[in-house]
Amino acid sequence: QVQLVESGGGLVQAGDSLKLSCVVSGGTFSSYGRGWFRQAPGKEREFVAAINWDGGYTSYASSVKGRFTIFRDNAKKAVYLQMNSLKPEDTAVYYCAAGSTGGSARQYDLWGQGTQVTVSS
């Protein structure tokens, strides 16, 4: 069974950095787009960033553009989200997804379990 496993979340202060990782286990999604979404308490899940199969295309939500970077290492079956200059409003559960490069959660076929990111002011 193919699964996505996220790691790297935690509690940091505003202005700090974190790097999230998402690894495919039980199979491969090397030829598929991958994305990161987040969901804060009481809010809908929102798009953060996406990357195509070879890393030649990336897209970002306007709220994170210039601060977050998505990249992938297909040899390790991994996608990463480097988050710099974190703000309290970035606090959310971050989810890794596979199967698209779109901005809608419905476009993705496979999801990870999520990792909590908390940014204190």
Nearest 0.5 angstrom please: [X] [atom1] to [Y] [atom2], how far?
X: Trp36; Y: Tyr95; atom1: CH2; atom2: OH; value: 12.0 Å
X: Ser25; Y: Gln1; atom1: OG; atom2: CD; value: 8.5 Å
X: Arg45; Y: Phe37; atom1: CZ; atom2: CZ; value: 8.5 Å
X: Ile70; Y: Ser59; atom1: CD1; atom2: OG; value: 7.5 Å

List the atom of [X], the atom of [Y], and the distance in Å for their closest heavy-atom pair.
X: Pro88; Y: Ser121; answer: CG-CB, 3.8 Å
X: Arg72; Y: Gly33; answer: NH1-CA, 4.1 Å
X: Lys77; Y: Arg34; answer: O-NH2, 4.0 Å
X: Gly102; Y: Ala50; answer: O-CB, 4.5 Å
X: Val93; Y: Gly114; answer: CG1-CA, 3.8 Å

Can [Y] be reached from [X] by stepping across I, L, V, M, F, W or Y side chains whose heavy atoms are under 4.5 Å apart?
X: Val79; Y: Trp53; value: no
X: Ile51; Y: Tyr94; value: yes
X: Tyr108; Y: Val24; value: no

Next item on the list: In plain terms, say whether Asp90 and Arg67 are close enough for a salt bridge, that is, a side-chain N and a carboxylate O under 4.0 Å apart.
Entry: yes
Check: Are the aromatic ring centres of Phe47 and Tyr60 under 6.0 angstrom apart?
Finding: no
Next item on the list: For residues Tyr80 and Phe71, establish whether the separation of their ring centroids is below 6.0 Å.
Entry: yes
Margin query: What verdict does the side-chain contact (heavy atoms from CB on, under 4.5 Å) test give for Trp111 and Leu4, after you've listed the backbone C-alpha separation in whole Å, the side-chain angles of each residue and the deciding distance to 0.1 Å?
Written below: CA-CA 6 Å; Trp111 292 84; Leu4 300 179; 5.6 Å; no
Note to self: I'd like to know if the side chain of Gln3 reaches the main chain of Gly112, judged simply by a donor and an acceptor atom lying under 3.5 Å from each other, with no hydrogens or angles considered.
What the structure shows: no
Check: Judged by atom type as modelled, is there a donor-acceptor pair below 3.5 Å linking the side chain of Gln82 to the main-chain atoms of Phe68?
Finding: no
Margin query: Applying side-chain contact (heavy atoms from CB on, under 4.5 Å) to Ser63 and Arg38, what does each step give before you reach the verdict?
Written below: CA-CA 12 Å; Ser63 58; Arg38 66 187 182 186; 3.5 Å; yes
Got a list of side-chain donor-acceptor pairs under 3.5 Å for residues 11-21, not counting sequence neighbours?
residue : atom : partner : partner atom : Å
Asp16   : OD2  : Gln13   : N            : 3.1
Ser17   : OG   : Asn84   : OD1          : 2.9

Checklist line | Flag for Thr91-Glu89: side-chain donor and acceptor within less than 3.5 Å | finding: no
